[in-house]
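Written out below as structure tokens is the structure these notes cover.
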Amino acid sequence: MKKHNFNAGPSILPREVIEKTAQAILDYNGSGLSLMEISHRAKDFQPVVDEAVALFKELLNIPEGYSVLFLGGGASMEFCMVPYNFLEKKAAYLNTGTWAKKAIKEAKAFGEVVEVASSEAQGYTYIPKDYEVPADVDYFHITTNNTIYGTELHEDLNVGVPMVADMSSDIFSRPVDVSKYICIYGGAQKNLAPAGVTFVVVRNDALGKVSRHIPTMLNYQTHVDKGSMFNTPPVVPIYAALQTLRWIKAEGGVEEMQRRAKERADLLYAEIDRNKLFRGTVVKEDRSYMNICFVMSDEYKDLEADFLKFATEKGMVGIKGHRSVGGFRASCYNAMPLESVQALVACMQEFEKMH
């Protein structure tokens, strides 16, 4: 039976990325050695990093003056590194979910943090609007897609101050005006690579502005100066990221990824809205294309476990909602084929007929 992988992360990757990475793990470039056992400073690995950086810049149309880094620690480490490197006096944050809240907590250790708006009181079911960002902040931090609650910013904001964005779960799913940001970061395990590498896009002239001492490993300048090679980088995930970047380019770039994302999301949200057994959890204009969250309608709440079992038996993997919110979540990242979403819709329709 075919499996349809809706896992929220680590998540689905293009099949060819998995196969090419698996081959390199067995024998890297005909060397007789595994990718896992060669030096990150080997002459035939440096081109992997160089091409990955070049494709990153090409696909996102990154302007001159930015560096692309591949680091460890996940996005959670960036919650600390961002204020360490950029927060001199005051920063503004938009609270749109669990990860935004964690980022706010870390930033408070480094200076004044202004929470400009929050949707927490309403269960993070929407993206706040009509708020003011103070003009005197060092940066304004946003989380562009909220994996747990299923909300997403579909366009870059206009706020008049430098922005920082956690794009862990929607990077490469739409065009981005990188010039609005001094830093974009994210864990790679949703739209780019297996877990273990973190991407950071940083504007070089925004570094070195804070007066505090920054520990060597937590200083972005350290990694800019050494091209992500200050210490041993996560070699296998970087290689897989390169394969994904090649795949995105070959498939038509971020514009095509955006078209596919909308097509998948429109199909599944239409069924959620039509099917009397289910209902969406997010206001329609803020619905995520990446993480589609829904629950049983109130009068059918007792069927939740039955539907999860039924869907699992039909090959749906990873559709159980996050433990903090329950219900269901279909994560539809770039590598998700439309056929899998069609299969989930058919599954929902079949379950509806049974009940």
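Here the structure is a predicted model, which means the values were calculated and not measured.
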Notebook entry, point to check: Between Asp156 and Tyr181, does a side chain to side chain donor-acceptor pair (under 3.5 Å) hold up when you go through it step by step?
Noted result: CA-CA 10 Å; Asp156 300 305; Tyr181 302 86; 2.6 Å; yes

Next item on the list: Starting from the C-alpha separation in whole Å, work towards a yes-or-no answer on side chain to side chain donor-acceptor pair (under 3.5 Å) for Glu271 and Gln349.
Entry: CA-CA 8 Å; Glu271 178 59 25; Gln349 292 172 345; 3.1 Å; yes

Check: Stepwise, does the side chain to side chain donor-acceptor pair (under 3.5 Å) test hold for Asn146 with Thr96?
Finding: CA-CA 7 Å; Asn146 301 288; Thr96 53; 3.1 Å; yes

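Atom NZ of Lys180 has more than 12 neighbouring heavy atoms from other residues, nucleotides or ligands inside a 6.0 Å radius.
For Tyr185 and Phe199, the distance between ring centers is not under 6.0 angstrom. Aromatic rings from Phe45 and Tyr239 are positioned such that their centres are separated by 6.0 Å or more.
Listed by chain and number, the residues in a side chain to side chain contact (heavy atoms under 4.5 Å, CB included) with Met77 are Met81, Leu218 (sequence neighbours excluded).
Classified by interplanar angle (parallel below 30°, tilted 30° to 60°, perpendicular above 60°), the ring pair Phe278/Phe351 is tilted. Between Phe328 and Phe307, the angle of the ring planes goes over 60°, which puts this pair in the perpendicular group of the 30/60° scheme.
Neither side chain, Tyr289 nor Asp266, offers a donor N or O lying under 3.5 Å from an acceptor on the other. Judged by distance alone, the side chains of Tyr139 and Tyr93 do bring a donor and an acceptor atom under 3.5 Å apart.
Salt-bridge annotation for Glu152 and Arg287: absent, with no side-chain N of the basic residue lying under 4.0 Å from a carboxylate O of the acidic one.
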